[in-house]
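Taking it in order: structure first as structure tokens, then the write-up.
Computed from heavy atoms alone, side chains included, the values below leave out hydrogens, waters and symmetry copies. Just follow the structure's listing: the first ligand is 1, and inside any ligand the first atom is 1.
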Amino acid sequence: MFEIVDKKVLAPNIKWIRVKAPLVVENARAGQFIVLRLHERGERIPLTLFKWHKEDGTIELVFQEVGKTTYELGSYEPGDKIMDIVGPLGKPTHIENYGTAVVVSGGVGAPIGYAVTRALKEAGNHVVSIIGFRNRQYVILEDEFKKVSDELLITTDDGSYVRKGFTTDVLKEYLENGGRADYVFTVGPVIMMKLIAKITKEYGIKTDASLNPIMVDGTGMCGACRVTVGGEIKFACVDGPDFDAHQVDFDELLMRLTEYKREEREALDRYVKGVH
Ligand SMILES: Cc1cc2nc3c(=O)[nH]c(=O)nc-3n(C[C@H](O)[C@H](O)[C@H](O)COP(=O)(O)OP(=O)(O)OC[C@H]3O[C@@H](n4cnc5c(N)ncnc54)[C@H](O)[C@@H]3O)c2cc1C
Ligand code: FES
């Protein structure tokens, strides 16, 4: 059992928790994730490691309530326990000193973007962070990003905070104005990652994307998380979640993510009505 020791609401339906998981902490690296199961009847869901602490063996997770399991997790309070946490899983993000690294994160991709930004900064890169949110209410982790970025560019879809536009607009503008980028890392909605990859391909900038397909075991045993990269089938949980963004079939990923829409809606309806 894994005890939740702290909890905060960061934005509507976006929650932060700190959980005791000493074995996960021991080997955790930026870009990796855990798979959790809340209780005996729960499903397994993947969440990325936002931060981890050797001193007290805790991990921090940031998640958006989008369906039954994440809503249920959102109802847990400090003192409550999660039945299973497996991790760290996935390959860590490849970190080196590229020179100038640009990290583009959208929405709830921000926690992953943050962990990678911090690692790139520690490796000696000049780091430019571009973070985008739907509107002012959903802006999260601004102070965290500020601490690990040399430049921080924030944007909101509706212009209610800092500037109006998508992260793609900000990256385009940055590059058009002669901004340097030796490496780009992107994480967020699939459509955003697809468009970021299109821009950086034109400029010939090496780009990695952190993919988020549906996962079950998270250890390479089932292929639920398969994606096509450079014409080859890869399992995101063991071969990724990071892949060369210029080689990823984003349209296929988008299609596969919607495969269980009906079942997901039914499970959430039952949960809201108290029928589990
Ligand atoms: C490696 C990895 C790391 C992730 N890290 C985080 C994180 O740090 N924070 C966070 O909030 N979410 C993260 N996700 C997404 C998270 O796993 C899903 O939101 C969660 O599984 C939804 O479960 P649910 O039962 O609440 O919703 P469901 O009822 O299963 O789904 C509700 C909606 O969410 C979409 N969805 C379902 N599974 C995923 C998925 N794997 N990725 C994206 N959308 C999905 C569905 O298409 C549907 O529209 C990550 C996913 C992966 C693969
Ligand atoms: S989730 Fe089963 S192989 Fe990746």
Enumerated ligand 2 atoms positioned under 4.0 Å from heavy atoms of Phe235: 3 (S)
Cys237 SG and Cys225 SG subtending at atom 4 (Fe) of ligand 2 (10° steps): 110°
Proximal atoms of ligand 2 relative to Gly223 (non-hydrogen, under 4.0 Å): 2 (Fe), 3 (S)
Pair Phe133 and Tyr138, ring centroids less than 6.0 Å apart: no
Gly220 neighbourhood, listing ligand 2 atoms whose heavy-atom distance to it stays under 4.0 Å: 3 (S)
Sidechain-backbone polar pair: Asn125 side chain, Val127 backbone, donor-acceptor under 3.5 Å: no
Other residues, nucleotides, ligands: >12 heavy atoms within 6.0 Å of Glu202 CD: yes
Proximal ligand 2 atoms for Val216, defined as those under 4.0 Å from one of its heavy atoms: 1 (S)
Met221, portion touching ligand 2 at heavy-atom distance under 4.0 Å: backbone
Nearest-0.5 Å distance that lies between atom CG in Asp244 and atom OG1 in Thr207: 7.5 Å
Intermediate values then yes/no, salt bridge (Lys or Arg N to Asp or Glu O under 4.0 Å), Glu144 and Lys51: CA-CA 11 Å; Glu144 306 284 350; Lys51 286 188 191 172; 2.9 Å; yes
Which atom of Asp217 approaches atom 2 (Fe) of ligand 2 most closely (N/O/S): OD1
CA sep, side-chain torsions, deciding dist, call: Asp84, Arg37, salt bridge (Lys or Arg N to Asp or Glu O under 4.0 Å): CA-CA 5 Å; Asp84 295 326; Arg37 197 157 67 114; 3.0 Å; yes
Atoms in ligand 2 flagged as close to Met215, the criterion being non-hydrogen separation under 4.0 Å: 1 (S)
